[in-house]
Amino acid sequence: VLGTFVNRGFLLGPMCPIYGCGVMLVILITQWFENKKTKSKLLNLVIEFLIITIVFSILEYTISLVLETLFGLRWWDYTNEFCNLNGRICLMFSLLFGLFGTAFLKLIYEPSEKLINKI
């Protein structure tokens, strides 16, 4: 139902810790990557996308495993999705997380960081 909080199973409300942890990891790893950039902006963007995709995939797989071990429940299952790994991650969602993570980095985080540095 639209307009109401969704019980995601772990926390009540519009909070999902996996996204926040993923974003923090992406920021930390891309700051490390900052010193290793090439001259090609397109190549840098592709490398950042791949790094973000891999980071989110490892995080999602690890958290799925930990939550299942702690609570005995599977919080999500990609078993029926193409190119999945033990139903914990799949290619489509990994690529989407990579796309959204890259968009967040380029459209929200980097402009915000520039603005804060100006202030």
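All residue numbers in this chain count up from 1 along the given sequence.
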Open item on the list: Do N86 and Y78 pair up side chain to side chain, a donor and an acceptor below 3.5 Å, judged on atom types alone?
Closed with: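 No - no donor-acceptor pair under 3.5 Å links their side chains.
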If hydrophobic clusters are built by linking Ile, Leu, Val, Met, Phe, Trp and Tyr wherever their side-chain heavy atoms come under 4.5 Å apart, do [X] and [Y] end up in the same one?
{"X": "I51", "Y": "L99", "answer": "no"}
{"X": "F100", "Y": "F93", "answer": "yes"}
{"X": "V55", "Y": "L85", "answer": "no"}
{"X": "L42", "Y": "I47", "answer": "no"}
{"X": "L25", "Y": "I108", "answer": "yes"}

TODO: Kindly indicate whether the side chain of E60, heavy atoms from C-beta on, has any atom under 4.5 Å from the side chain of W76.
DONE: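 Yes - at least one pair of side-chain heavy atoms lies under 4.5 Å apart.
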Task: Side chain proximity check, F56 to V26, heavy atoms < 4.5 angstrom - done: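 Yes, close enough: below the 4.5 Å cut-off.
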[X] [atom1] to [Y] [atom2] distance, which is reported to the nearest 0.5 Å:
{"X": "I63", "Y": "L70", "atom1": "CD1", "atom2": "CG", "result": "11.5 Å"}
{"X": "S112", "Y": "E110", "atom1": "OG", "atom2": "CD", "result": "10.0 Å"}
{"X": "I52", "Y": "L59", "atom1": "CD1", "atom2": "CG", "result": "13.0 Å"}
{"X": "I54", "Y": "F49", "atom1": "CD1", "atom2": "CZ", "result": "10.0 Å"}
{"X": "L105", "Y": "I29", "atom1": "CG", "atom2": "CD1", "result": "11.5 Å"}
{"X": "Y109", "Y": "K114", "atom1": "OH", "atom2": "NZ", "result": "12.0 Å"}

Task: N84 side-chain N/O to T79 backbone N/O, donor-acceptor pair under 3.5 Å - done: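 Yes; at least one donor-acceptor contact below 3.5 Å.
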Task: Under 3.5 Å donor-acceptor, S57 side chain and T53 backbone - done: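 Yes, because the side chain of S57 sits within donor-acceptor range (under 3.5 Å) of the backbone of T53.
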Task: Distance-minimising heavy-atom pair for V23 and F104 - done: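 Distance-wise, the nearest heavy atoms are CG1-CE2, 3.3 Å.
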TODO: Could you tell me which non-hydrogen atom of T62 sits nearest to which non-hydrogen atom of I58, and how far apart they are?
DONE: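 Nearest pair, atom of T62 first, then I58: OG1-O, 2.8 Å.
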TODO: Name all residues meeting the salt bridge (Lys or Arg N to Asp or Glu O under 4.0 Å) criterion together with E48; count only those two or more places apart in sequence or in a different chain, and write none if there are none.
DONE: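 Only K37, K106 meet the salt bridge (Lys or Arg N to Asp or Glu O under 4.0 Å) criterion with E48.
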TODO: Determine, step by step, whether E68 and L73 satisfy the side-chain contact (heavy atoms from CB on, under 4.5 Å) criterion, reporting the C-alpha distance in whole Å, the side-chain angles of both residues, the deciding distance to 0.1 Å, and the verdict.
DONE: CA-CA 5 Å; E68 186 174 344; L73 298 170; over 6 Å; no
TODO: Could you check E113 against K118 for side-chain contact (heavy atoms from CB on, under 4.5 Å), going step by step and ending with a plain yes or no?
DONE: CA-CA 9 Å; E113 184 181 39; K118 279 185 180 180; over 6 Å; no
